[in-house]
Engineer: 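Dumping the structure here so I can ask a few things about it.
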Amino acid sequence: MTAGGTPAGRGTRRTRDTGRTGRAGEAGDTAPSRPPLGRLLPYLRPHRGVLVVVALLSLVGAAIALAQPLLVARVVSTVQAGGSLSGPVTVLVALLLVGAAFEAVQTYLLQRTAEGVVLSTRRALVARLLRLPVAEIDRRRVGDLMSRVGADTTLLRSVITSGVVDIASSALVVVGAVVAMALVDPVLLATALSCVSVSIVAVAVVSRRIHRVTVVAQARVGDMSASVERALSAVRTIRASGATERETEAVAVSARAAYDAGVRAARLQAALSPAGTVAVQGAFIAVLGIGGARVASGAVEVADLVAFILYLFLLAIPLAQVLMTWTTLQTGLAALTRIEEVTDLPGEDDLPSGADAVALAPRATAPRGSTDAAVPAVELRDVVFAYPGEPPVLHGVSFTVARGTRCALVGPSGAGKSTVLALLERFYDVTGGAVLVGGTDVRDLPRVELRARLGYVEQEAPVLAGTLRDNVLLAAPTATPQEVEAVLASVNLTGVARRTPLGLDAPVGDDGVLLSGGERQRLAIARSLLARPGVLLLDEPTASLDAGNERALREAVDAVAGDRTVLVVAHRLSTVVDSDQIVVLDAGRVVATGRHRDLLESSAVYRELASSQLIG
C-alpha cells in the first residue's frame with residue numbers, strides 16, 4: 001500500500017497540548033573531516049562476488065590497453081623494415097574488439113551492482129525512517145527526509161558506476177603505463193611525471209573542500225524539498241488565504257540557497273579541470289620536444305618514441321578520468337554522509353526505557369496480559385513527562401480506567417490530554433511515574449504487543465493515499481471480507497463503500513481528500529476496530545465535525561464500545577455526558593474526576609468547560 005500523503009511532520013510543527021515548536025533538523029551542514037571511503041564497505045559487501053568479476057575484467061582490460069602501444073610500435077618497426085603487417089594488425093584489431101567486449105560486460109555489471117546498492121540502501125533507509133522514535137521525526141522535516149530516500153540514494157549510484165572501481169581500474173592502467181614508460185625511456189618519464197604532478201597536487205588540495213561543500217549543497221536541496229512538500233501539503237489553505245505568491249517566493253528562496261551552495265561546489269570542481277588540462281598538455285609538449293631531440297641524437301628510436309607517446313595517452317586519459325571521477329565520488333560520499341545521518345540514528349526499540357535513568361514506580365504489578373476484571377485496563381501513577389529540552393507537560397498525573405468502561409479526558413487546550421494518549425502508545429516514555437495497560441508497565445511490553453492491545457485514532461484521523469481497502473486493512477491485513485463488511489457497518493461506512501462500482505477499491509485521494517471529515521474519522525475508527533483492540537484511544541474524534549457527522553460518529557462509537565474500554569480525549573460536551581468517568585486536566589494536573597452531573601457541582605474548571613461546550 002502506498003503510504004504517501006500523511007500530514008505528519010510537515011515543516012515546522014506544533015504538538016497538541018504543549019504548544020511546543022519542533023525544530024527542523026540541521027543535520028548535513030557539518031561534514032566529517034575525511035571522506036568516509038571505508039564506510040562504503042558494508043554497502044559493497046553483499047555484491048563482492050560481482051565486484052571480483054569486475055575487478056578481473058578491469059585487470060584484463062588494463063593488460064589489453066597496455067599491450068596496444070607495444071603492438072603499434074611493432075607495426076612501426078615492421079613498416080620501417082618493409083615486413084608484412086597482416087599479423088601485427090590482426091592481433092591489434094582482435095585486442096581492440098576483445099577489449100570493447102570486456103568493457104561492455106564490465107559496464108553492465110557495474111550498473112546492475114549500482115542499482116542493487118541503491119535498492120538495498122533505500123530499503124534500509126525507509127526501514128529506519130519508519131522505526132525512528134516519534135520525537136526524532138517530530139524535530140525533522142518530512143521533505144528533507146524524502147530527499148535522502150530519493151535524491152541522495154540516487155547520487156550514491158555514482159560511487160559505484162564512476163567511483164571506486166573506475167579509480168581502481170584507472171590506477172592499474174596508470175601504474176602499468178608508468179612501468180612501461182620507465183622501460184622505454186626514464187628521462188622522458190621524469191619529464192612527463194614532473195608535469196602530471198601538478199594535477200595530483202590540485203586534487204589533494206581541493207578534494208577535502210569539495211566533500212564538505214557538497215554535503216552542504218545536498219543539505220540545501222533537502223531544505224528545498226521540505227519547502228515544496230510543506231507548500232503542496234497545504235495548497236488549498238495557501239490558495240484560500242491568498243498566499244500563493246508568498247509561498248512561491250519562500251520556495252524560491254530555498255531554491256536559491258540550493259543554487260548558491262551548488263555553485264560553490266561547482267567552483268571548486270571547475271578548479272580541477274584546468275589543472276588537469278595544463279598538466280597533460282604540458283606533458284605532451286615537453287615529451288615531444290625532448291623526445292624529438294633524443295631521437296635526433298640517436299638516444300631513442302622513432303618506434304620507441306611512438307610507443308612512449310601512446311603510453312602517455314594511456315597515462316593521461318585515466319588521469320583525466322580520475323579527476324572527474326574524484327569529484328563525482330565526493331558527491332556520492334556526501335550523499336552517503338546524509339544517508340547515514342539517518343541510518344545511524346537509534347530506532348524506537350533501540351532506546352533505553354526511562355526507568356534505566358530514573359527510579360520509578362514498581363513495574364509489572366500484574367501478570368502480562370491479565371484479564372482479571374479487578375485489574376484496571378489503563379492506569380497512570382504519578383506520571384511526570386516533559387518533551388526533550390522543554391518544561392514538564394504533566395505533573396504527577398494519576399487515574400485509572402476500569403475494564404469495559406468509557407473514560408473521557410477533558411481540559412483546556414494545552415492541559416496534556418493528547419500527551420496521555422501518546423504515553424500510552426509509547427510514542428514517548430514517561431519522565432517519572434508509570435503508565436500501565438492491563439496491569440503491566442508499558443515499558444515492560446514490546447511495543448508491537450502493546451500497540452496490538454490498543455486502537456488509536458488520532459485527532460486528524462490521517463487517511464493514507466490509496467484505496468478504502470488499503471486503509472481499512474492497515475492494522476489487520478489478514479482480515480476476511482466478512483470482517484471488513486461487519487466493521488464498516490458498525491461505523492456506518494457501508495454506503496461509502498458502495499457508492500462507486502469500485503467498492504473498497506475506490507481511491508481516497510491524497511490525505512483522504514475524496515472523503516468528508518466525518519468519513520475520514522469513521523474510517524480511522526474502523527481501521528482500529530478491525531484489529532480487535534481491548535482498549536480504544538480516541539483523540540478528539542468530533543473536533544472538526546458538523547452536527548450531523550458528530551452524531552453519526554457518536555453512534556458509531558456507542559455501537560462498538562460495549563465490549564471494550566474506551567479512553568477519549570473529549571472536545572464537545574455531547575461526547576462526555578454519558579461517560580462512566582471524566583478526568584479533568586488543567587495545566588498538566590488532574591484537578592477532578594467523576595461523572596458529568598457530579599463534576600458540574602464539584603469542579604469549577606469543569607463547569608466552565610461545560611458552559612462553553614468543552615471547546616478549548
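Start at 1 with the first residue, then count along the sequence. In what follows, every heavy atom counts, from backbone to side chain, and hydrogens, waters and symmetry copies are set aside.
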Engineer: Heavy-atom distance under 4.5 Å between the side chains of S147 and V221, does that happen here?
Structural biologist: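 Yes; the side chains approach each other to less than 4.5 Å.
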Engineer: Using the rule given for salt bridge (charged side-chain N to carboxylate O under 4.0 Å, His left out), can you reason through R148 versus E341, listing the C-alpha separation, both sets of side-chain angles and the distance that settles it, and then say yes or no?
Structural biologist: CA-CA 10 Å; R148 299 179 196 231; E341 285 172 359; 2.7 Å; yes
Engineer: Do you know the tightest heavy-atom contact between G416 and V393?
Structural biologist: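 Looking at all heavy atoms of both residues, the shortest contact is CA-CG1, 4.2 Å.
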Engineer: Got R264 and D260 here, is their nearest side-chain heavy-atom distance under 4.5 Å?
Structural biologist: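 With C-beta onward as the side chain, the pair touches.
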Engineer: Do D539 and S418 have side-chain N/O donor and acceptor atoms under 3.5 Å apart?
Structural biologist: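 Yes, side-chain donor-acceptor contact under 3.5 Å.
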Engineer: So how far is it from E458 CD to E425 CD, rounded to the nearest 0.5 Å?
Structural biologist: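 Answer rounded to 0.5 Å: 9.0 Å.
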Engineer: Could you tell me the separation between the CD1 atom of I137 and the CG atom of L130, rounded to the nearest 0.5 Å?
Structural biologist: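 CG of L130 is found 7.5 Å from CD1 of I137.
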Engineer: For V342, run the side-chain contact (heavy atoms from CB on, under 4.5 Å) check against D152, L145, D144 and tell me which one passes.
Structural biologist: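 Filter result, single survivor: L145.
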Engineer: Apply side chain to side chain contact (heavy atoms under 4.5 Å, CB included) to A497 and list each qualifying residue two or more places apart in sequence or on a separate chain.
Structural biologist: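 Partners of A497 by the side chain to side chain contact (heavy atoms under 4.5 Å, CB included) criterion, ordered by chain and then number, come out as L488, L504.
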Engineer: For residues R122 and L119, determine if any side-chain heavy atom of one lies less than 4.5 Å from a side-chain heavy atom of the other.
Structural biologist: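 Not touching, per the 4.5 Å side-chain cut-off.
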Engineer: What's the shortest heavy-atom distance between S528 and P533, and which atoms?
Structural biologist: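 That would be O-CD, 3.1 Å.
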Engineer: Nearest 0.5 Å please: distance from the CG atom of L125 over to the CZ atom of R338.
Structural biologist: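 Going from CG on L125 over to CZ on R338, the span is 10.0 Å.
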Engineer: Distance from L450 atom CG to R443 atom CZ, nearest 0.5 Å?
Structural biologist: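 The CZ atom of R443 is 12.0 Å from CG of L450, to the nearest 0.5 Å.
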Engineer: Contact between L345 and P133 at the side-chain level, heavy atoms closer than 4.5 Å - yes or no?
Structural biologist: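 The answer is no, as the side chains (C-beta and beyond) never meet within the 4.5 Å cut-off.
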Engineer: Starting at CG of L567, measure out to CG of L536 and round the result to the nearest 0.5 Å.
Structural biologist: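 One gets 9.0 Å once the value is rounded to the nearest 0.5 Å.
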Engineer: Starting at CG of D429, measure out to CZ of F385 and round the result to the nearest 0.5 Å.
Structural biologist: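 Rounded to the nearest 0.5 Å, the CG-CZ separation comes to 8.5 Å.
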Engineer: Is the shortest heavy-atom distance from the side chain of I339 to the side chain of T121 under 4.5 Å?
Structural biologist: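 Counting from C-beta outward, I339 and T121 do come under 4.5 Å.
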Engineer: Other residues, nucleotides and ligands only: do more than 12 of their heavy atoms fall within 6.0 Å of CZ on F427?
Structural biologist: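 More than 12 heavy atoms, drawn from other residues, nucleotides or ligands, come within 6.0 Å of this atom.
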Engineer: Would you mind reporting whether E519 and L523 have side-chain heavy atoms less than 4.5 Å apart?
Structural biologist: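 No; the side chains remain at least 4.5 Å from each other.
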Engineer: Do the non-hydrogen side-chain atoms of V149 and V126 ever get within less than 4.5 Å of each other?
Structural biologist: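 Yes, their side chains come closer than 4.5 Å.
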Engineer: Going by atom types alone, do T419 and Y428 pair a side-chain donor with an acceptor below 3.5 Å?
Structural biologist: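 Per modelled atom types, T419 and Y428 side chains form no pair under 3.5 Å.
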Engineer: Y43 and V117: which non-hydrogen atoms are nearest, and at how many Å?
Structural biologist: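 Y43 and V117 have their closest heavy atoms at O-CG2, 3.8 Å.
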Engineer: Could you tell me if the side chain of L394 sits less than 4.5 Å from the side chain of L423, heavy atoms only?
Structural biologist: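 Yes, close enough: below the 4.5 Å cut-off.
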Engineer: Tell me, please, which residues at least two apart from R532 pass salt bridge (Lys or Arg N to Asp or Glu O under 4.0 Å).
Structural biologist: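 Here the qualifying residues are E483.
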Engineer: L436 and G439: which non-hydrogen atoms are nearest, and at how many Å?
Structural biologist: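 Shortest heavy-atom separation between L436 and G439 comes out as CD2-O, 3.4 Å.
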Engineer: With sequence neighbours left out, write down each residue that passes side chain to side chain contact (heavy atoms under 4.5 Å, CB included) with R112, or none if nothing qualifies.
Structural biologist: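 By the side chain to side chain contact (heavy atoms under 4.5 Å, CB included) rule, R112 matches V50, Y108, L109.
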